[in-house]
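Here the structure comes first, spelled out in structure tokens, and everything after it is commentary.
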Amino acid sequence: MKNTVTPALGLLLFSESSLAELVRLARLSEDLGYSHFWYTDVRFARECYVALAAVALATEKIQIGPGVTDPYSRHPAITAAAIATLDELSNGRAVLGIGIGGAGFKELGIEKTLPIAAMRESVEMIKALLRGERVTSQGKVVSVDGGKLSFKPVRSDIPVYFATHGAQMTRLAGQIADGVLVANVLQPGAFDFYTGKIDEGIAKAGRQGGTFDVGLRVEACISDDDEAALAVMRRRVTSRLMSQYPHWDYLAELGVSLPEAFIALARDRPQGAEEQAAAILPRDAVEAMVLAGSPERVAEQLARALTPRITQITLRPHAAPGQDVADVVKAFANEVVPRALALRARSPIQAA
């Protein structure tokens with residue numbers, strides 16, 4: 001049976017943009033029909049909830065939230081209060097994205113211990129606080145003693161999304177979250193691996209899977225100059241891979257093998273390592289994780305990645321030299337996604 005559900009569109013922006021630029025792009029994405037607007041919560045960057053408040057006041061329909069916050073640098077009770085306040089300000093449009101977090105922990109002296117326990121304890125605490133409960137919990141990672149929000153949230157069921165590419169974390173999402181954004185997985189077989197883990201979690205919790213939002217989060221540079229777009233994304237993938245070293249287990253699911261010279265550069269980090277590593281990162285490794293090229297080329301890449309289980313496609317845009325990020329946001333909504341969905345509809349491998 002063919003999938004007749006048209007995936008919703010989300011936009012994820014990093015905190016390098018000014019607040020004025022952020023608001024401009026949020027308004028644009030709402031006008032283009034994007035349903036979700038996510039904003040990164042990163043240490044030593046623009047404050048996530050202040051920025052989201054600006055977006056809330058400048059928009060009317062789009063759902064907004066951190067993409068993503070974490071259970072370490074913000075206590076989950078503080079997160080519960082923050083997301084409930086954002087929900088009030090936005091008239092019930094808040095969504096909570098949560099993951100184990102990226103940069104900045106070392107500088108704060110924070111160790112990301114027991115991530116599965118940290119996420120489970122955090123989400124359970126946040127949901128209980130949003131329901132108006134007084135919470136006492138002594139967890140392995142996070143604890144609270146008689147904590148209760150001093151105000152009544154507009155909604156007690158603000159949706160919670162996990163952002164992950166870990167198998168165990170994806171299974172946990174199926175148990176306790178409302179949705180998941182699987183990052184940079186453009187191989188259908190690999191995405192099926194993650195949906196299998198979601199289903200395991202849903203079954204373990206005895207939940208109904210039909211209400212679970214399965215999102216694909218993709219990074220893309222869309223430009224008529226294919227090589228310029230590829231160069232941008234090759235540098236982006238290189239930077240991310242090197243920051244993750246040696247936690248590359250997910251690459252096996254993508255069928256990606258890295259050159260020994262790349263691995264050595266990630267391990268030893270000599271001067272100029274990223275530039276050298278980018279020069280030797282194979283094109284197929286880049287295209288297994290991100291989108292790059294003209295709208296036609298990117299649509300073909302995306303069409304191959306789409307599976308019937310995907311209910312949301314979230315874009316993290318990157319601009320080519322001389323290009324505005326807004327151009328990428330518009331091209332993705334107006335050209336890439338419609339073309340990709342049309343290509344996928346004609347594919348003989350559509351299945352339920």
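- Minimum interatomic distance between Ala51 and Leu19 (heavy atoms only, all atoms of both residues): CB-CD2, 3.7 Å.
- Counting non-hydrogen atoms of neighbouring residues, nucleotides and ligands closer than 6.0 angstrom, the CG atom of Asp145 reaches no more than 12 such neighbours.
- Within the 4.5 Å cutoff, the side chain of Gln323 has heavy atoms near those of the Val328 side chain.
- Here OG of Ser239 is found 9.5 Å from CD of Gln244. Values are rounded to the nearest 0.5 Å.
- A distance of 13.0 Å separates OG1 of Thr6 from CD1 of Ile310, quoted to the nearest 0.5 Å.
- In the hydrophobic cluster analysis, where Ile, Leu, Val, Met, Phe, Trp and Tyr join through side-chain heavy atoms closer than 4.5 angstrom, Ile110 is grouped apart from Val42.
- At a threshold of 4.5 Å between non-hydrogen side-chain atoms, the residues Leu9 and Leu315 do not count as touching.
- By the criterion of side-chain heavy atoms lying less than 4.5 angstrom apart, applied directly or through intervening Ile, Leu, Val, Met, Phe, Trp or Tyr residues, Leu28 is grouped together with Ile64 in one hydrophobic cluster.
- Electrostatic pairing of Arg27 and Glu30 does not count as a salt bridge here, judged by no charged N lying under 4.0 Å from a carboxylate O.
- In this structure a side-chain-to-backbone donor-acceptor pair under 3.5 Å is missing from His36 to Leu12.
- In this structure, the side chain of Gln187 does not engage the main chain of Ala190 through any donor-acceptor pair within 3.5 Å.
- Between atom CZ of residue Arg316 and atom CG of residue Leu291 there is a gap of 13.5 Å, rounded to the nearest 0.5 Å.
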Exercise for review: Please lay out, stage by stage, how Leu186 and Glu287 fare under the test side chain to side chain contact (heavy atoms under 4.5 Å, CB included).
Suggested key: CA-CA 8 Å; Leu186 297 181; Glu287 294 185 344; over 6 Å; no

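- Not a single donor-acceptor pair under 3.5 Å links the side chain of Asp224 to the backbone N or O of Ser294.
- Using a distance-only test at 3.5 Å, with no hydrogens or angles considered, a donor-acceptor pair links the side chain of Arg269 to the main chain of Ala266.
- Side-chain contact between Val142 and Tyr72 is absent, with no heavy-atom pair separated by less than 4.5 Å.
- Using a 4.0 Å cut-off between charged nitrogen and carboxylate oxygen, Asp41 and Arg74 count as a salt-bridge pair.
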Using residues 91-109 as the side-chain source, report each donor-acceptor pair under 3.5 Å to any protein atom, sequence neighbours left out, with the distance given to one decimal.
from  : atom 1 : to    : atom 2 : distance (Å)
Arg93 : NE     : Glu60 : O      : 3.3
Arg93 : NE     : Ser90 : O      : 2.9
Arg93 : NH1    : Thr59 : OG1    : 2.9
Arg93 : NH1    : Ile62 : O      : 2.8
Arg93 : NH2    : Ala56 : O      : 2.9
Arg93 : NH2    : Thr59 : O      : 3.0

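- The shortest distance between side-chain heavy atoms of Ser18 and Arg46 falls below 4.5 Å.
- Residues Leu343 and Val218 do not share a hydrophobic cluster, clusters being chains of Ile/Leu/Val/Met/Phe/Trp/Tyr side chains in contact below 4.5 Å.
- Under the 4.5 Å side-chain heavy-atom criterion for ILVMFWY residues, no single connected hydrophobic cluster contains both Met119 and Trp38.
- At a threshold of 4.5 Å between non-hydrogen side-chain atoms, the residues Glu121 and Leu114 do not count as touching.
- With rounding to the nearest 0.5 angstrom, the CG atom of Asp226 is 10.0 Å from the SG atom of Cys221.
- For the pair Asp70 and Arg43, the salt-bridge criterion is met [side-chain N within less than 4.0 Å of a carboxylate O].
- Salt-bridge annotation for Arg283 and Glu227: present, with a side-chain N of the basic residue lying under 4.0 Å from a carboxylate O of the acidic one.
- In this pair, Trp248 and Tyr245 present their aromatic rings perpendicular. The plane angle is above 60°, beyond the 30 to 60° band.
- In this structure, the separation between CD on Gln175 and OG1 on Thr170 is 11.5 Å, given to the nearest 0.5 Å.
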Practice item. Determine, stepwise, if the pair Glu21 / Arg24 fulfils salt bridge (Lys or Arg N to Asp or Glu O under 4.0 Å). Key: CA-CA 5 Å; Glu21 174 72 358; Arg24 180 177 77 93; 2.8 Å; yes

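- Here the closest heavy-atom approach between residue Phe151 and residue Ala81 is recorded as CZ-O, 3.8 Å.
- In the displayed structure, Gln168 atom CD is contacted under 6.0 Å by at most 12 heavy atoms of other residues, nucleotides or ligands.
- A heavy-atom distance below 4.5 Å is not found between the side chains of Tyr194 and Val180.
- Counting only residues at least two apart or on different chains, the side-chain hydrogen bond (donor to acceptor under 3.5 Å, both in side chains) pairs with a member in residues 198-213 are Tyr161-Asp213, Arg171-Glu200, Asp199-Arg309, Asp213-Thr311, Asp213-Gln312.
- When hydrophobic clusters are built by joining Ile, Leu, Val, Met, Phe, Trp and Tyr residues whose side-chain heavy atoms come closer than 4.5 Å, directly or via intermediates, Val68 is not grouped with Met169.
- Ser137 contributes no side-chain N or O that, together with a main-chain N or O of Val144, makes up a donor-acceptor pair within less than 3.5 Å.
- The closest side-chain heavy-atom distance from Asp192 to Thr195 is below 4.5 Å.
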Exercise for review: Could you go through the side chain to side chain contact (heavy atoms under 4.5 Å, CB included) check for His318 and Arg235 one step at a time?
Suggested key: CA-CA 11 Å; His318 298 266; Arg235 289 192 296 270; over 6 Å; no

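- With values rounded to the nearest 0.5 angstrom, Ile176 atom CD1 is found 4.0 Å from Leu172 atom CG.
- Pro153 has its side chain within reach of Leu149: a pair of non-hydrogen atoms, C-beta onward, lies under 4.5 Å apart.
- Of the possible donor and acceptor atoms, one in the side chain of Asp324 sits under 3.5 Å from a partner among the backbone N and O of Ala326.
- The backbone N or O of Leu265 sits nowhere less than 3.5 Å from a side-chain atom of Gln276 that would complete a donor-acceptor pair.
- No donor-acceptor pair closer than 3.5 Å links the side chain of Arg131 to the backbone N or O of Ser156.
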